[in-house]
Structure formats: structure tokens, C-alpha cells
2 protein chains.
Amino acid sequence: MSDIKKIGRPRSFDYEEALSQAMNVFWEKGFNGASIRDLTKAMGIPAPSLYSAFGDKQELFLKAIDLYSDGDNCEPIVALETEEDIETAIIRFFEAIIQYATEHESGAKGCFLASCATTSVGQVEGVGSRIRASIVDTEIRLAARFDREIAKGTLPASFPSLERAAMMFDLRQGYIFRGRAGVGAKELKRGLEERARMLVTS
Amino acid sequence: MSDIKKIGRPRSFDYEEALSQAMNVFWEKGFNGASIRDLTKAMGIPAPSLYSAFGDKQELFLKAIDLYSDGDNCEPIVALETEEDIETAIIRFFEAIIQYATEHESGAKGCFLASCATTSVGQVEGVGSRIRASIVDTEIRLAARFDREIAKGTLPASFPSLERAAMMFDLRQGYIFRGRAGVGAKELKRGLEERARMLVTS
DNA sequence: CTAATTATATAATGACCGTTATATAAAAGA
DNA sequence: TCTTTTATATAACGGTCATTATATAATTAG
């Protein structure tokens, strides 16, 4: 499906790579703060190529959101799913979030959806629905981790997986917010163990 | 101190009122999204008056943040402090936040600091430090509510007031995020009682 | 080869951006 | 009254914004 020959002059840049670069610019500067010049410079293509390949700025932004959402490389969740002990897993989850929130490369901090896309709800149609879909997806994935413990028998069958998953999600927003405001990783990690303990307490 | 006669032509608009209107515009559209024309229109003054009274756009933004921070009219905190029963107080606290997050007037949703000012950290100098100061203030105030319960004897002396206050603060960010994304109040209130119970469990 | 199709490069478009000259009006001090 | 001081009103400034005309290059179809 990918190497079918298309008529016309072939593209001289990689679509996904360029989109990824655009996402980084949005991440760093926000939707309004990112100018077309910023974007084309980072993407390495002139403006007309951007418009013909991605549509206008709003469509490009939506495509960047989709690229981010589809990426399964969210380190915090991977950490949560990898670690066997549930309490340690939660700690690793938040530690990864704290790292994202405080020292992510290229000035982009936090979560692209949480700290960048959110701002543009109401300004760019389609952002809100995408974020809501992502929230549902994430919570399901987090809840599944608790369900695994229920299956293992380390958590009771009555354990409210989805509620605790939602709570983890909301706490995450707090870390991202603090990180954005400039609070350091060391300070953010204080009290982490107690939080993990609370989250698995029935 | 306020009715000293100053020389020169007196101002024809109310300083705080105009600043408040500016804040609303920033709240709704963000720092970059709010143009000087938007601001002057909402403030009811021409551009030169804006510049002479508030400085440039960045200074106006910082003054708006200060106005918001100094305002003691934060309904959620008032609700928390007013209600006597601690668990009910927490529920009222979050209910007020949910209302702010979902149906605040004039398009502005959430918390001015959390969902607007945050975006401009790194773009406008002085925003980060102001937000951090506000975080500390808020947490101290929230913790004080728990301390009151300790004094009353309804919570043990060992109760970790500050940690739980920080947790409430972070959960708040989750509500604001969801509200911004368009999640409704009804859905946000699900599980609220359990959260309140957890927050006061030692 | 020629025609059709698509991407590129260059540069221009009008609109709006934040900001500021300029001139005038309204107050206090002398 | 006349000067000084500050605020107002009007309009303009250069710069940048998102977007697109125009012309050219590279590919496939026939």
C-alpha cells in the first residue's frame, strides 16, 4: 500500500517526519505562537508544500494531534505496564511523567495534548473531541493495569479500577502543570510513594 | 491614599475594571490569541491609553495575573473553608471547580492561572514565578483546612495535611483539563464522593 | 515524444499585528 | 491667566501574519 507509483512529481520530503517536526513546534510555542514560518523552517519545506500536503494551519495542527495520539510510545504508560509490582509501577509511571514535565527536549514540556492542544479548544474545531477520545483511551489502558492485578489476586475483585485510573490521570495533570510552571523534578517527587500507596488501597 | 489629587488630566476609565476586562479576554483567547484590538475593545479604551496605563501587552498580562492572584474570591476555596464537615467540604470544593471548568461565563473556562497563564510560561517572563507563588499560597490554604480538623480532633495529629492539600490541587488540574476538553459537569461529578473519602483517610 | 499531473521555488498578497507620533483636551500649580 | 502635566483621540508605522499566484521541475500515461 505504501510503494504504489503515483503520477506527478514525487514529494521530496518525508511526510511523517515533517509532521513530527511541526508537532514539536506547536508543542513548544502553542497553536497561535507557532507561525507558518516557524513551521516551514522546522519542517524543511516551503509554505506551498506545507499547504498542499497538510492543508492550512488548523488542519496541520489536527494532523499533529492525531500523530501524537496514534503514537504508542508514551513512556509513562509503558513504564506502568512493564513493571510487575503495582505500587512500583505507579511510582515509575509518575516518575516518567515528572521527567517529561521537567526536562523534555527542545523546550516542549509536559504532554502535547495536556499542555498544548488544550489551549486551542474552541479556537480550532476538532481539538476537543480528539482530546476526549484520548482521555478515554488512556484511562482504559490505565484501568487494565489494575485489572491485571485483580486477575493476579493482589487486588480484590471489588477494586474500582476505572475510578483509580481516572485519579491517576488527574494527578498527572497536576505534575504537568507544576512542571510547566518551573517546579523541579526533585520537588515533584516528594510524597510520590504515599500517593502510590493510596492509589492501590481498597 | 486613593483620593489624593493628581495633576494632569484625570483618567476617564476605571483602572481595575479595565484590567479585569483584559483578564477575561486573555482567559478566553490566551496571551497570543488576544490581540491589542480585542483588548482595547473589551476594556473600552483606545490603544494609547492602554499603553500609558498598563505598559505593553506583556506587562498587561502580568498585571492581569496579579489581579487574579490577589482576588480572594476563589469560590472553590471559600466553599472548602465554609462547609464544616470536612468530607462535604471537599465535595463542595470540587463541585465549585467543576462548575468553573464547565460553565464559566464568557467562554473563559477553568482557572486563569491553570489553563491560560500556564501556556505563556517561557514566552512572557515572570509568569512562571507568579504561578509557583500562587501554587504555594493555595496549598497552604488548603492544608490549613485539614489542620483545622486536626485541631478539632476529627483527624489525627499525624494527618499529612500538606501532602493531601497538594493532592487536592493536582486533582483539580484534572477537572480543569477535562472541562476544557468539553467533558460535562455530570460526568465529572462521578466518583467524587469516593475521592473525598480517600483524601481524608489516614 | 507529448500531454497530464503533481511538487517545488520564488515572491507577492491583503490583513492584521503590536506599538507609537501627533495633536488636542482636561486637570493642577503658579 | 498661563504653564505644566497627564490623558485622550486619530491615525499611522513597519513588520509579520496566513495564504496563494505564478512559473518551473520532475514524474507517469499514452
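Everything numeric in this text was worked out from a predicted model, so none of it was measured. Letters go in sequence order (proteins before strands), and every chain restarts at 1.
Ring centroids of A:F54 and A:Y15 are separated by less than 6.0 Å, placing the two rings close together.
No side-chain donor from either of B:S134 and B:D137 sits under 3.5 Å from a side-chain acceptor of the other. With no hydrogens or angles considered, no side-chain donor-acceptor pair links B:S69 and B:D66 at under 3.5 Å.
Atom CG in A:D85 sits 6.0 Å away from atom CD in A:E83 (nearest 0.5 Å). A distance of 12.0 Å separates NZ in A:K29 from CG in A:N24, rounded to the nearest 0.5 Å.
A:F31 and A:F26 have parallel rings, their planes meeting at less than 30° on a 0 to 90° scale where 60° marks the start of perpendicular.
Annotation: proximity of residues 31-42 of chain A to DNA chain C (heavy atom, distance under 4.0 Å) is found for no residue. Less than 4.0 Å separates DNA chain C from at least one heavy atom of each of the following residues of residues 45-60 of chain A: A:P46, A:P48, A:S49.
Proximity of B:R11 to the phosphate of D:dA7: a side-chain N or O atom is located under 4.0 Å from OP1 or OP2. Between A:S12 and C:dA7 there is no side-chain polar atom (N or O) within less than 4.0 angstrom of OP1 or OP2.
Comparing B:P10 and A:I7 by the nucleotide of DNA chain D whose heavy atom lies nearest to each, the residue mapping closer to the 5' end is B:P10.
A:R132 places a side-chain N or O within donor-acceptor distance of the main-chain N or O of B:A181, the cut-off being under 3.5 Å.
Note: CZ (B:F13) to C1' (D:dA9) measures 14 Å, nearest angstrom.
Scanning for salt bridge (charged side-chain N to carboxylate O under 4.0 Å, His left out) contacts around A:E16 gives an empty result, with sequence neighbours left out.
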